[in-house]
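By convention in this document, chain letters (A, B, ...) are assigned in the order of the sequence lines, proteins followed by strands, and residues within each chain are numbered from 1.
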2 protein chains.
Amino acid sequence: MANTHVKEMQALKEHLGKHQLKLTRQRELILSAFLRQEHITAEAMYHQLAKSDPHLGLATIYRTLNLFCDAGLAQARHFGSQTKYDNVSHKGHHDHLICTGCEKIVEFENEEIERLQEEVATKNGFTINTHRLELYGLCSRCRH
Amino acid sequence: MANTHVKEMQALKEHLGKHQLKLTRQRELILSAFLRQEHITAEAMYHQLAKSDPHLGLATIYRTLNLFCDAGLAQARHFGSQTKYDNVSHKGHHDHLICTGCEKIVEFENEEIERLQEEVATKNGFTINTHRLELYGLCSRCRH
DNA sequence: ATCATTTTGAGAGAGCTTATCAATTTCAAT
DNA sequence: ATTGAAATTGATAAGCTCTCTCAAAATGAT
């Protein structure tokens with residue numbers, strides 16, 4: 001953990017405090033590992049963390065990642081049949097370009113698109129809370 | 001079926017021909033019902049079609065809707081844990097505004113957004129095949 | 001240190017979708 | 001029209017991802 005993810009740790013503690021939840025060894029461990037990722041599945045974290053803690057349960061990973069979502073540190077995203085958890089704490093919102101050839105994921109942000117989305121929403125009487133934009137195609141390497 | 005969905009029927013037959021697949025009573029029935037929907041789940045079609053054909057299997061619905069996706073008549077979209085199949089044949093591509101209050105779905109199109117998406121993709125060396133844009137929020141009725 | 005409360009781990013269970021396979025249907029070739 | 005190889009169907013089992021259950025363990029306010 002060291003002193004790298006202090007801010008996120010602080011945000012987590014704040015959330016825990018507000019909801020009568022406790023800070024556990026597992027939650028610290030999972031947070032620390034999660035913050036090193038861009039987006040990851042619970043299953044992937046399970047295998048990854050099995051090295052440092054072979055007895056960490058899969059259910060705990062799921063519970064904890066969902067907790068991070070509640071705390072605003074993570075954001076769940078459904079990709080096909082799986083859920084990926086995005087690290088959203090220090091990077092802010094971003095959308096995805098997904099290569100259907102090699103599964104590579106590129107993140108991007110575009111203010112103009114965001115603005116137009118607001119416009120569409122307003123025109124239809126909606127107030128947007130979140131959105132999701134995914135572009136599927138082939139990256140330069142897979143296109144030939 | 002009558003003469004309403006002739007074009008889609010034609011498109012389906014073309015796909016079947018190209019892939020050594022056969023036209024069955026079930027496929028005709030499911031296509032006809034599907035084209036009357038905007039977006040629907042396999043489960044919902046199953047119950048809806050049980051009236052006209054009580055022995056139609058759920059697996060057949062899934063298989064057939066996936067077939068429609070291959071044929072370009074439908075498009076699958078994952079909403080939480082469920083998959084909804086969109087009728088995309090005669091309406092062209094469209095995106096969605098989704099009310100998290102009442103589950104209402106409003107379709108929209110925005111050329112400018114599409115254009116910007118292409119721009120982002122090109123900038124990253126991608127060629128887009130499809131995309132998906134979903135805006136989540138509250139509709140005017142649910143907001144108060 | 002105590003103890004009420006929360007959390008964990010392991011496995012059972014739930015929800016959605018796909019695989020299996022014998023019986024049936026389709027359709028191209030007689 | 002009949003035949004027969006190949007595809008499709010229906011019923012159900014199986015698979016996958018995720019959540020629930022609950023006894024045992026850990027947390028943290030006192």
* Hey, does B:Thr83 reach any base, or is it just sugar-phosphate, or nothing, if we go heavy atoms under 4.0 Å? -> sugar-phosphate

* Asked: Near B:Arg143 CZ, under 6.0 Å, is it more than 12 heavy atoms from other residues, nucleotides or ligands?
  -> yes

* **Residue mapping more 5' on DNA chain C - nearest nucleotide basis, A:Ala59 or B:Leu58** => A:Ala59

* Structure fact -> Heavy-atom closest pair (B:Ala76 atom, B:Tyr85 atom, distance to 0.1 Å) is CB-CE2, 4.0 Å

* Asked: Can you check whether B:Lys22's main-chain N or O pairs, donor with acceptor, with B:Arg27's side chain at less than 3.5 Å?
  -> yes

* Asked: Should the pair A:Arg115-A:Glu118 be classified as a salt bridge under the 4.0 Å nitrogen-to-oxygen rule?
  -> no

* Is there side-chain contact between A:Glu134 and A:Phe79, with at least one heavy-atom pair below 4.5 Å? -> yes

* **DNA chain D contacts among residues 14-25 of chain B, heavy-atom distance under 4.0 Å** => B:Gln20, B:Leu21, B:Lys22, B:Thr24

* So which heavy atom on A:Leu56 is nearest to which on A:Tyr46, and how close? -> O-CE1, 3.1 Å

* **Bounds of contact between DNA chain C and chain A, in 5' to 3' order, using a heavy-atom cut-off under 4.0 Å** => C:dT5 to C:dG11

* Measure the CZ-OG1 distance between A:Arg77 and A:Thr83 for me, rounded to the nearest 0.5 Å. => 11.5 Å

* Would you classify A:Arg27 as touching base, sugar-phosphate or nothing, given that sugar-phosphate means primed atoms plus P, OP1 and OP2, and contacts are heavy atoms under 4.0 Å? => sugar-phosphate

* To do: Provide the closest heavy-atom pair for A:Phe34 versus A:Leu73 in the form atom of the first, atom of the second, distance.
  => CE2-O, 3.9 Å

* To do: First locate atom CD of A:Glu28, then atom CG of A:Leu23, and finally report the distance between them rounded to the nearest 0.5 Å.
  => 4.5 Å

* Pair B:Thr60-B:Arg63, side-chain hydrogen bond (donor to acceptor under 3.5 Å, both in side chains): steps then yes or no -> CA-CA 5 Å; B:Thr60 300; B:Arg63 280 187 293 233; 3.2 Å; yes

* **First-last contacting nucleotides on DNA chain D - partner chain A, under 4.0 angstrom, heavy atom** => D:dT17 to D:dG28

